[in-house]
Amino acid sequence: MVINCPRGTADIFGDDISYRDFIIESAKKLFKLFNYSEIITPAFEHTEVFNRGIGQSTDIVKKEMYTFPDKKGRSLTLRPEGTAPVVRAIIEHKLYSKVPIKLFYVENMFRYERPQKGRMREFWQLGVEAAGVNSPLIDAEVIWLLALIFEELGFKNLKLLVNSVGCDDCRPPYINVFKKYIEPQVESLCPDCRERYNTNPLRIFDCKVRSCGTIIEDSPKIYSHLCSGCTQHFKAVTSLLKSLNISFAVKEDLVRGFDYYTRTIFEIISEDLESVQNALGGGGRYDRLIEQFGGPPVPSIGFAVGIDRTIVLMKQLNISCMQNEQENNVFVILLEQEFEGYGLEFLSYLRKHGIRCDISFEIKKIAAQIKWAEKNGFTHTAIIGGDEASSGIITVKRLKDFKQSQLNWKKDPQEINDIL
RNA sequence: GUGGGAAUAGCUCAGUUGGAUUAGAGCGCAGGAUUGUGGCUCCUGAGGCCGCGGGUUCGAAUCCCGUUUCUCACCCCA
């Protein structure tokens, strides 16, 4: 019997749940303010959704997908990312008929990779997709939302990177120019980059090998080869971001791993993150994707945030996930078994008043029980022994300052609110 | 998919060049220090197939091989 969870997966409980809830609730609050509504898509799709959506040349499609035949022989794939499924749903339900449409999701993703800290085979992302707006206004609003999420969580020193990768009109010619520039030096590239040169040349910009870096350094950047439409669009985006007072940097060699991106792309990274997995969130515009799926032309934009990675960084930076002061709660201590019924009655009373409470399920020494209550996060204890059972008055003790009060709960049910 | 490091109590870790007899510590947990009152202190106790499987050896937590998981660097991404 194997008793550990599979490689790259993890049980989430205890502290991690607090962080997770805090992140998701904070984001949902903002999604609501920005008028996004939630979509939940299936955990798996027809494999073709990702093959066509993400791009055959990407590592995700080439080697990282959990693909399996079902019992009827259909090829299915656990979702490795969130955009392609949402796009599929937009087309399937003709949601584009009422554009613009703003959707958000909180879902688990699956990629078959070598796990590292902040990089799991099953991981959680939250993200948005805004479909049907061509205006740079939506680019700015989406980037703004991404920045706000991390601000809301309490992050200070994150870096927002922005770039444009152009469109179908200007990117192919630029790639030709770029390849021509590189061509004489192809042999000096690292083996990976020689491969990239043929499959996805812009990825060479991501290479960390120094020799490749120097070759790239003075190469033409797409930024100066954008068509007039893309140039204008990008200038508008950056200017809108400035008017929102969002700090960002244009990173001319920023590229991203999916084939579907056009025009604006962006990424939020942490230089504090000890691991190399420093990208906490990222996204971009995908103006042609819905069309490629067989839908009408619907320009769209979205981003995704890595929840697990965000938790790692919050812990590392000691960012608290406690939203409010802890509310009052009561641990009910029974001194004799014969008072169990009375204890349950009191529990019921507390719960009707919306007070979180629990009871000792074993009769133990009072000192041990108070100690236990304190260690387990209770703010108050209520003691039920012979005196309380006969008088009907229960002793409620506030743990932080040892203060005890008498609660005549049957006579004055509201008194509990004054005592706590 | 490539290359390094690691795995001993619930947690953090000791464990000598392979050796004696019950594999240790701190924290945590449980019980106690005279009767129904917690933060300190003291005493006691429970809890380990030394990741799993094989091998070398008179003898393995320790050495070798395999395997699983974690971790780090690549690849790539959130």
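Throughout, a chain's letter reflects where its sequence line sits, starting with A, and its residues are numbered from 1. Everything quoted here is computed from the prediction, not taken from an experiment.
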Enquirer: Think A/Arg356 forms a cation-pi with A/Phe378, using NZ or CZ under 6.0 Å from the six-ring centre and within 45 degrees of its axis?
Expert: yes
Enquirer: Can you tell me how far C1' in B/rC29 sits from the matching atom in B/rG66, rounded to whole Å?
Expert: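 Here B/rC29 and B/rG66 have their C1' atoms 38 Å from each other.
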Enquirer: Might you work through the side-chain hydrogen bond (donor to acceptor under 3.5 Å, both in side chains) test for A/Thr264 and A/Ser164, ending with a clear yes or no?
Expert: CA-CA 4 Å; A/Thr264 316; A/Ser164 175; 5.7 Å; no
Enquirer: Generate the contact string for nucleotides 31-37 of chain B. Rules: B means base contact, S means sugar-phosphate contact only, - means no protein heavy atom under 4.0 Å.
Expert: SSS--BB
Enquirer: Need the pair for B/rG3. Rule: Watson-Crick or G-U wobble, both distances under 3.5 Å, any strand; none if unpaired.
Expert: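 Paired with B/rC72.
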Enquirer: Is the shortest side-chain N/O distance from A/Lys375 to OP1 or OP2 of B/rC29 below 4.0 Å?
Expert: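 Yes, because at least one side-chain N or O of A/Lys375 sits under 4.0 Å from OP1 or OP2 of B/rC29.
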Enquirer: Take atom CZ of A/Arg121 and atom C1' of B/rU68, then tell me their distance rounded to the nearest Å.
Expert: 12 Å
Enquirer: Taking the side chain of A/Leu399 as heavy atoms from C-beta outward, which of B/rC74, B/rC77, B/rG38 is closest to it?
Expert: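 Selected nucleotide (nearest to the side chain): B/rG38.
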Enquirer: Both A/Phe258 and A/Pro115 contact RNA chain B. Which one's nearest nucleotide lies toward the 5' end?
Expert: A/Pro115
Enquirer: Mark yes or no for whether A/Arg79, through its side chain, and A/Pro42, through its backbone, hold a donor-acceptor pair below 3.5 Å.
Expert: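 A pair under 3.5 Å: yes.
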Enquirer: B/rU71, OP1 or OP2 - any side-chain N/O from A/Arg114 closer than 4.0 Å?
Expert: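 Answer is no, no contact under 4.0 Å.
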Enquirer: Do A/Arg7 and B/rU68 have a side chain to base donor-acceptor pair shorter than 3.5 Å?
Expert: no
Enquirer: Using the C1' atom as the point on both nucleotides, what is the distance between B/rG59 and B/rG18, in whole Å?
Expert: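 Pairwise C1' distance, B/rG18 against B/rG59, rounds to 8 Å.
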Enquirer: Rounded to whole angstrom, note down the C1' distance from B/rG24 over to B/rG38.
Expert: 32 Å
Enquirer: A/Leu146 has an atom CG; how far is it from atom P of B/rA78, in whole Å?
Expert: 12 Å
Enquirer: Tell whether A/Arg111 reaches the base of B/rA78 with its side chain through a donor-acceptor pair below 3.5 angstrom.
Expert: yes
Enquirer: Write down the partner of B/rU22 under the Watson-Crick or G-U wobble criteria, each distance required to be under 3.5 Å.
Expert: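 None - no nucleotide pairs with B/rU22, as no candidate has both distances under 3.5 Å.
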Enquirer: Please report the distance separating the C1' of B/rU69 from the corresponding atom of B/rA33, rounded so that it comes out in whole Å.
Expert: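 To the nearest whole Å, 45 Å.
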Enquirer: I'd like the C1' distance from B/rA61 over to B/rU44, given in whole Å.
Expert: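 Pairwise C1' distance, B/rU44 against B/rA61, rounds to 29 Å.
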Enquirer: What's the gap between B/rA60 and B/rG19 when it is taken at their C1' atoms, as a whole Å value?
Expert: 10 Å
Enquirer: If we take the C1' atom in both B/rC77 and B/rG1, what is their distance in whole Å?
Expert: 15 Å
Enquirer: What nucleic acid atoms does A/Glu267 come within less than 4.0 Å of, heavy atoms only: base, sugar-phosphate, or nothing?
Expert: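 Nothing, no heavy atom under 4.0 Å.
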Enquirer: Which base sits across from B/rA61 as a Watson-Crick or G-U pair, both distances under 3.5 Å?
Expert: none
Enquirer: Just checking A/Gly8: base, sugar-phosphate only, or nothing, at a heavy-atom cut-off of under 4.0 Å?
Expert: sugar-phosphate
Enquirer: Checking side chain to side chain contact (heavy atoms under 4.5 Å, CB included) for the pair A/Leu420/A/Val330: CA distance, chi angles, key distance, verdict?
Expert: CA-CA 9 Å; A/Leu420 291 189; A/Val330 179; 4.1 Å; yes
Enquirer: When the P atoms of B/rA46 and B/rG53 are considered, how many whole Å apart are they?
Expert: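 Straight-line distance between the two P atoms is 26 Å.
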Enquirer: Does A/Phe34 have A/Lys102 sitting over its ring (NZ/CZ under 6.0 Å from centre, angle to axis within 45°)?
Expert: no
Enquirer: Whole Å only: how far is the CZ atom of A/Phe110 from the C1' atom of B/rA78?
Expert: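 Those two atoms, CZ and C1', are 15 Å apart.
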Enquirer: What closest approach, in Å, do A/Ile290 and A/Ile90 show between heavy atoms, and which atom pair accounts for it?
Expert: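 Here A/Ile290 and A/Ile90 meet closest at CD1-CG2, 4.3 Å.
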Enquirer: Does A/Arg309 make a cation-pi contact with A/Phe123, if we ask for NZ or CZ under 6.0 Å from the ring centre and within 45° of the axis?
Expert: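 Verdict for A/Phe123: no cation-pi partner in A/Arg309.
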Enquirer: Is there a side-chain hydrogen bond (donor to acceptor under 3.5 Å, both in side chains) between A/Thr83 and A/Glu129? Walk through the geometry before answering.
Expert: CA-CA 7 Å; A/Thr83 300; A/Glu129 311 293 346; 2.8 Å; yes
Enquirer: Which one is paired to B/rU35, where only Watson-Crick or G-U wobble pairs with both distances under 3.5 angstrom count?
Expert: none
Enquirer: Over all heavy atoms of both residues, which pair between A/Thr58 and A/Gly55 is shortest? Give the atoms and the distance, please.
Expert: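 Of all heavy-atom pairs spanning A/Thr58 and A/Gly55, the closest is OG1-O, 2.8 Å.
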Enquirer: Using atom CG of A/Leu161 as one end and atom C1' of B/rC77 as the other, report the distance to the nearest whole Å.
Expert: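 That distance rounds to 15 Å.
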Enquirer: Looking at B/rG45, which nucleotide sits across from it as a Watson-Crick or G-U wobble partner, both distances under 3.5 angstrom, or is there none?
Expert: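 Pair assignment: B/rG45 / B/rC29.
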Enquirer: I want to verify a distance call: between B/rC76, B/rC74, B/rG38, whose nearest atom is closest to the A/Asp59 side chain?
Expert: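 The nucleotide sitting nearest to the side chain is B/rC76.
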Enquirer: Which residue pairs pass the salt bridge (Lys or Arg N to Asp or Glu O under 4.0 Å) test when at least one of the two sits in residues 331-351 of chain A, sequence neighbours left out?
Expert: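 Sorted result for residues 331-351 of chain A: A/Glu345-A/Lys410.
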Enquirer: Please determine, for the side chain of A/Glu64, which listed nucleotide (B/rU71, B/rC76, B/rA73) has the closest atom?
Expert: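 Nearest listed nucleotide: B/rC76.
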Enquirer: Return the value, rounded to whole Å, for the distance between atom CD1 of A/Ile54 and atom P of B/rA78.
Expert: 10 Å
Enquirer: What integer distance in Å separates A/Arg309:CZ from B/rC76:P?
Expert: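 Interatomic distance, CZ of A/Arg309 to P of B/rC76: 14 Å.
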Enquirer: Provide, to the nearest angstrom, the distance between the NZ atom belonging to A/Lys117 and the P atom belonging to B/rC76.
Expert: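 Going from NZ in A/Lys117 over to P in B/rC76 covers 23 Å.
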Enquirer: Could you tell me the separation between the CG atom of A/Asn376 and the C1' atom of B/rA30, rounded to a whole number of Å?
Expert: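 One finds 14 Å between C1' of B/rA30 and CG of A/Asn376, rounded.
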